[in-house]
Amino acid sequence: SVSMKPAAQILQHVASGREEHTVHLCCLNPSAPAGAQWKQCYERTAAAVARHSPRHWEFDVSSLYSYMDAFLQRCRDLLEVCEAQLQFAPTTKLPVFGGTRGSEVEKNIRDIQVAFQSLLGQLKGLKYDILDIKAIQ
C-alpha cells in the first residue's frame, strides 16, 4: 500500500466533506504553541550549555528558527483550509433564501462551494507534501 503524506491525508479527509476532518483541526491547532515551546526549550538548553560547558553552541539561530517558522506557517495555512471547508462544504444544506434575489444568493453560494472544491482538488493534486518545508515548488 502507498503511504500518503501527512498533508495529503489531511486534505483527503477535508475534501471528503465529512465531519471527521475536524479531527485535523485538533491536530493542527497545537502546532503554534508547540513551535513556541520548541524555541523556548532550545533557548534554555543553549543558555545551560553556555553556562556549564567550555564549548558554546554555534548554530545559526535564525536559520533554525526560519525552518520552524516556515513549518508553523504551513500548519496555519492548512488549518485555514480545514476551517474554510467547514464554511464552504457543499454537503451543507442551505437555508431557503426568500425575496426576489433568493435564487441568485443560493446560486452565488453554490458557485463559491464549487470554486472552493476546485482549489482543494488542486492542493490535493500537488506532487509534494505541503508540510515539507524543504519541498519548494
Side-chain angles (χ1 to χ4, degrees):
S1 107
V2 176
S3 174
M4 293 179 77
K5 295 171 180 67
Q9 290 174 335
I10 293 170
L11 290 170
Q12 185 71 35
H13 284 284
V14 170
S16 72
R18 296 181 306 227
E19 287 300 314
E20 62 264 19
H21 74 268
T22 57
V23 169
H24 297 297
L25 296 173
C26 298
C27 296
L28 289 168
N29 272 328
S31 61
Q37 293 255 336
W38 181 88
K39 287 180 181 182
Q40 289 174 354
C41 287
Y42 172 82
E43 290 166 2
R44 281 194 307 269
T45 304
V49 168
R51 281 192 311 273
H52 302 293
S53 175
R55 295 187 62 197
H56 296 272
W57 282 356
E58 295 183 21
F59 294 113
D60 179 7
V61 176
S62 64
S63 177
L64 286 174
Y65 287 178
S66 70
Y67 281 110
M68 179 59 72
D69 292 340
F71 174 76
L72 293 174
Q73 182 59 51
R74 290 195 183 186
C75 288
R76 285 189 293 271
D77 292 344
L78 194 52
L79 184 59
E80 283 185 31
V81 171
C82 292
E83 290 170 345
Q85 177 66 9
L86 293 172
Q87 292 179 332
F88 303 121
T91 57
T92 303
K93 183 169 171 42
L94 293 177
V96 175
F97 296 99
T100 58
R101 300 187 72 187
S103 61
E104 181 182 348
V105 169
E106 184 176 345
K107 181 193 177 311
N108 289 340
I109 291 173
R110 295 281 181 221
D111 289 347
I112 290 170
Q113 290 173 332
V114 168
F116 179 81
Q117 290 303 316
S118 173
L119 293 170
L120 189 59
Q122 289 176 28
L123 277 176
K124 284 175 45 185
L126 293 175
K127 301 296 183 213
Y128 63 95
D129 186 357
I130 59 176
L131 290 178
D132 181 357
I133 59 168
K134 292 183 180 182
I136 300 172
Q137 299 286 324

According to a hydrophobic-cluster definition based on side-chain heavy atoms being under 4.5 Å apart (Ile, Leu, Val, Met, Phe, Trp, Tyr only), do Leu119 and Leu126 belong together?
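Different hydrophobic clusters.
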Which atom of [X] lies closest to which atom of [Y], heavy atoms considered:
{"X": "Leu131", "Y": "Phe71", "value": "O-CD1, 3.4 Å"}
{"X": "Arg55", "Y": "Val49", "value": "O-CG1, 3.6 Å"}
{"X": "Ala32", "Y": "Arg76", "value": "CB-NH1, 4.4 Å"}
{"X": "Tyr42", "Y": "Val61", "value": "OH-CG2, 3.7 Å"}
{"X": "Ile133", "Y": "Tyr67", "value": "CD1-CD2, 2.8 Å"}

Would Asp77 and Gln73 count as a side chain to side chain donor-acceptor pair (under 3.5 Å) here? Give the steps.
CA-CA 6 Å; Asp77 292 344; Gln73 182 59 51; 2.8 Å; yes
Geometric cation-pi criterion, Lys134 with Tyr128: 6.0 Å, 45°
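Not satisfied by the 6.0 Å and 45° rule.
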Using atom types as modelled and distance alone, determine if a side-chain donor or acceptor of Arg74 lies under 3.5 Å from a backbone N or O of Ile130.
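Indeed, once roles are kept as given, a pair shorter than 3.5 Å links the two residues.
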Would you indicate whether Arg101, at its atom CZ, is surrounded by more than 12 heavy atoms from other residues, nucleotides or ligands within a distance under 6.0 Å?
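Open: at most 12 neighbouring heavy atoms sit under 6.0 Å from CZ of Arg101.
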To the nearest 0.5 Å, what is the distance between [atom1] ([X]) and [atom2] ([Y])?
{"X": "Glu43", "Y": "Lys39", "atom1": "CD", "atom2": "NZ", "value": "8.0 Å"}
{"X": "Ile112", "Y": "Gln117", "atom1": "CD1", "atom2": "CD", "value": "13.0 Å"}
{"X": "Asp111", "Y": "Glu104", "atom1": "CG", "atom2": "CD", "value": "10.5 Å"}
{"X": "Leu94", "Y": "Lys107", "atom1": "CG", "atom2": "NZ", "value": "13.5 Å"}

